[in-house]
Structure formats: structure tokens, C-alpha cells
Amino acid sequence: MAAPALAKGKPAATDKFLSEPEIAKLKRIKVDLVAPPMVHKHEQVVTGAPRIVEFRMEIVEKKMVIDDKGTTLQAMTFNGSLPGPTMVVNAGDYVELTLVNLASNAMPHNVDFHGATGALGGAKLTNVNPGEQVTLRFKADRAGTFVYHCAPEGMVPWHVVAGMSGTLMVLPRGGLKDPVGNPLRYDTAYTIGEFDLYIPKDADGKYKDYKTLAESYTDTMEVMRTLLPSHVVFNGKVGALTGEGALKAKVGETVLFIHSQANRDTRPHLIGGHGDWVWETGKFDNPPERDLETWFIRGGSAGAALYTFKQPGVYAYLNHNLIEAFEFGAAGHVVVEGKWNDDLMKQVKAPGPTTA
Ligand SMILES: [Cu+2]
């Protein structure tokens, strides 16, 4: 049978609504978040009733070094990282997030989940000043990778480009499927957040360093209005996913690459590999595309790509506007162990002097 699990023509949001007493009876699970590029342990297929999945995130404002020249960003973060941690639930589950704004912070914050319905994604119900916390529950009734981000009234773009975004992944209860309904599974999930940064320069053309977050505001807004980022980085820093930070895989291993960009378009590409199955708009009830060389993440969204490695070596995973990748910073590495396959590729003759 074709496509049993996809595109039934009924938006998930029309599922029946539970009453508060019914919700109170649901099983609760508590998930400890982990720092990107890792994703917390989770089940790809679940059975049974929806659950309430509890998460806790702390907002941390801090100065971060964003390149190898020591350039700094007055950053705003969820849990101290760019991106914020990826949260995973299964469609139909409820997300229950406690958001903590540390007393040491200077700014009010909140959170807008693109995976949620109502109240500006939850932003209106989660405004917290330094020293406050709030708990929001919403039903994750649509499957996919969804951006979440801070969105305080009057300061939305600044908080987003200063680092406050991450991904919520809502897996279909039956797991991922190809366009004809065959199961697709991954061995490892990595989460990559791409950030366009707008660091001001002084009269001598040097990047400015600010003592406080508030001091960076006016100059940063001026650079933002040019629409020209000074840096475009994966996971908070030029080279964050290279060397010690490189992603790892083995030949035969299937990796899910989650890619979020909360503000600006990007076009991921795996050099020497492909996207075997890609949801570039990131919503799993749509059929994925296969064999992609480069895919496209709209600013304000997260997408997902599956790839099974077939050759060992060091791969580059990057934004294939190559200036953004190699000059601005939007590139990382995947180090893959295993046996070389001569059938897929062979150097028939090594480089040598030209012959007639
Ligand atoms: Cu904020």
C-alpha cells in the first residue's frame, strides 16, 4: 500500500482536545537537556497515550568569544549555549517547560515555540524578569523540527541574533517514514544552530568589545540594519564543530542532521556526501526528498536531513554560499571511520607530471 502513514489530509491539530482532569492523568517524564551538538536520549517510536515531558532551561547572558581572533559577542543564551539545547518529544505529547531567568541577568526574556499554538508561541505567557521563572505547557500536535526563540516585545531581533534560539523536534509517534511509508531510523542525531552575528567595529575597523550587554545594544542594532553579518557561525563560534568539536560517525551509521536558523536563510551541504532523505522545511508528515546535494533552511525554521555514511574520511558540513562558509565561519567537520569503498570512488592514477 502506498503512503499509509503520510499525508492523510487531516492536520494533526484537529485531534481531540483533552480536559484538564484528563491531562492530569497523563504520565509525566522529566528530561535532562544536553549541550549541542548532542541531542538528549529519546525514543524514535512510541506507543500508548501521550505523555507530559518536563524540561527546564536557564537563560544565561554572557560574553562569548566567537572567533580565533578573540572577537567577543555579548550573548544571550538558553542554557549557556548557541544554539539552546534541542528538546525531543513525540507528536501528541505535551511539552512542559520551566524557563528560569537567572538573577544575575540584566534583561527580561521569554520563549516563542514555533511548534506551539497560541499566545505568540507562548511568548506572551512566559515573560520573565531576572530572578523569575515561569512554566508553560503546550501540546506538540504537529510533527517536525521547529525553531524556538526569545521574543521580548520591542527587542525581538536583538535577542535572537544574540543567540536565543534552538530546536524542538516532535517525532511522529510511529517514527520517521520515507514517501511510501517505509520506516527511516537514525543511529545518532546532531543539532546544528547557525547564527548570523552583527559585531560592531570601531573607527579603526576593529571589532568592539563591550563591558555589558546593554552597552552593545545601540551599535549592534546599527550593524543589524545593514543586513550584513560580520560572522556566520555554527554553534556559537567559528570552528566550533572542527578539531576537538568535530562531529563523529562510522561507515554504515545513519546520522540525523538537525539544522536551525532563526533569522536568516541558509543552504546546508555535506561535502562528499548527500542528504539521503531531507525534510528541508522540517515537517515530518510531508514526504522527504531524496539524494539532495544542497538543501535550504528558511530563516525562521529548522530542517532535518538523514545520511548513511558510505566512505571514511573528514567531511565538511557547511552553508554552501562558500563565502559565508569559509570567510564568515559557517562550516563544520564530520570525522568518519571505516573502510574505503573503491567501487564508489577510486583514484585511478595519482597526480603526476603531464604526459603526451
Ligand atoms: Cu531574550
Side-chain angles (χ1 to χ4, degrees), residues 28 30-40 52-66 71-89 95-116 119-138 146-168 191 193 195 197-199 208-221 224 233 235-237 240 260 262-263:
R28 285 181 168 268
K30 199 171 173 177
V31 170
D32 290 324
L33 293 167
V34 302
M38 309 315 284
V39 176
H40 69 79
I52 300 172
V53 186
E54 298 174 21
F55 299 99
R56 183 181 189 275
M57 283 201 305
E58 287 182 354
I59 294 160
V60 185
E61 298 167 1
K62 61 177 182 179
K63 186 153 87 172
M64 294 174 75
V65 174
I66 51 134
T71 305
T72 59
L73 165 71
Q74 281 287 351
M76 297 184 254
T77 75
F78 290 107
N79 263 17
S81 60
L82 271 64
T86 291
M87 298 174 220
V88 186
V89 300
V95 173
E96 193 173 290
L97 171 73
T98 296
L99 184 65
V100 181
N101 190 351
L102 297 182
S104 51
N105 290 336
M107 299 285 161
H109 300 280
N110 62 22
V111 62
D112 165 357
F113 282 97
H114 289 191
L120 307 181
K124 271 183 98 90
L125 305 179
T126 53
N127 289 310
V128 275
N129 288 309
E132 294 181 339
Q133 67 178 57
V134 65
T135 301
L136 176 76
R137 185 189 79 210
F138 66 89
F146 296 88
V147 160
Y148 68 80
H149 64 88
C150 187
E153 209 180 326
M155 295 189 291
V156 179
W158 181 42
H159 283 234
V160 171
V161 301
M164 295 192 80
S165 69
T167 298
L168 167 70
T191 195
F195 289 84
L197 304 176
Y198 302 84
I199 312 296
K208 286 194 181 180
D209 180 78
Y210 296 92
K211 281 200 195 71
T212 68
L213 176 58
E215 279 171 47
S216 73
Y217 173 72
T218 307
D219 292 349
T220 303
M221 287 301 293
M224 285 162 59
V233 302
N235 292 25
K237 188 179 196 284
S260 66
N263 189 62

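Quantities reported herein were computed from a predicted structural model and do not represent experimental measurements.
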Practice prompt. Measure the CG-OG1 distance between Leu33 and Thr86 for me, rounded to the nearest 0.5 Å.
Written response: 9.0 Å

Fill in: Rounded distance [0.5 Å steps], NE2 in His109 versus CD in Glu58
12.5 Å

Fill in: NZ/NE/NH1/NH2 to OD/OE distance under 4.0 Å, Arg56 and Glu54
no

Worksheet item: Taking atom CD of Gln133 and atom CG of Leu102, what is their separation to the nearest 0.5 Å?
Response: 10.5 Å

Item to complete: Could you tell me whether the side chain of Thr77 and the main chain of Val60 form a donor-acceptor pair under 3.5 Å?
Response: yes

Discussion item. I'd like to know if the side chain of His159 pairs up with that of His149 as donor and acceptor (distance under 3.5 Å, no hydrogens or angles considered).
Written reply: no

Worksheet item: Within a strict 4.5 Å, meaning less than it, do heavy atoms of the Leu197 and Val233 side chains meet?
Response: yes

Item to complete: Determine whether Asn110 and Asn127 make a side-chain contact, defined as any pair of heavy atoms from C-beta on separated by less than 4.5 Å.
Response: yes

Worksheet entry | Between OG1 on residue Thr167 and CZ on residue Phe113, distance to nearest 0.5 Å | 11.0 Å

Worksheet item: Quick one: does Phe195's side chain get under 4.5 Å of Pro83's, heavy atoms only?
Response: yes

Worksheet item: Okay, side chain of Asn263, backbone of Val160: is any donor-acceptor separation there less than 3.5 Å?
Response: no

Item to complete: Decide if atom CD of Glu153 counts as having more than 12 heavy atoms of other residues, nucleotides or ligands within a radius under 6.0 Å.
Response: no

Worksheet entry | Check: Asp112 side chain, Cys150 main-chain N or O, donor-acceptor pair, under 3.5 Å | no

Worksheet item: What are the two closest non-hydrogen atoms of Tyr148 and Val111, and how far apart are they?
Response: CD1-CG2, 4.0 Å

Worksheet item: Got a donor-acceptor contact below 3.5 angstrom from the Asn101 side chain to the Val134 backbone?
Response: no

Item to complete: Please state whether the rings of Tyr217 and Trp158 are parallel, tilted or perpendicular, taking 30° and 60° as the class boundaries.
Response: perpendicular

Worksheet item: Between Val53 and Met87, is any pair of side-chain heavy atoms under 4.5 Å apart?
Response: no

Item to complete: Taking the side chain as every heavy atom from C-beta outward, state whether Glu215 and Gln74 have any pair of such atoms under 4.5 Å apart.
Response: no

Practice prompt. Could you pull out the closest heavy-atom pair between Gly193 and Ser260, with the gap in Å?
Written response: CA-OG, 3.5 Å

Item to complete: Could you label the plane-to-plane angle of the Phe55 and His40 rings as parallel, tilted or perpendicular, counting under 30° as parallel and over 60° as perpendicular?
Response: tilted

Worksheet item: Minimum heavy-atom separation for Ser81 to Pro36, with atom names?
Response: OG-CD, 3.5 Å

Worksheet entry | Any side-chain heavy-atom pair of Thr72 and Tyr210 under 4.5 Å | no

Discussion item. So Phe138 and Leu168, do their side chains get closer than 4.5 Å, heavy atoms only?
Written reply: yes

Discussion item. So which atom in Asn105 and which in Ile59 form the shortest heavy-atom distance, rounded to 0.1 Å?
Written reply: ND2-O, 2.8 Å

Worksheet, complete the sentence: Only one of Lys63, Met76, Lys62 passes side-chain contact (heavy atoms from CB on, under 4.5 Å) with Leu213, and that residue is Met76

Worksheet item: How many angstroms lie between atom CG of Leu73 and atom OG of Ser216, to the nearest 0.5 angstrom?
Response: 7.5 Å

Worksheet item: Shortest non-hydrogen contact from Ala262 to Ser165?
Response: CB-CB, 3.6 Å

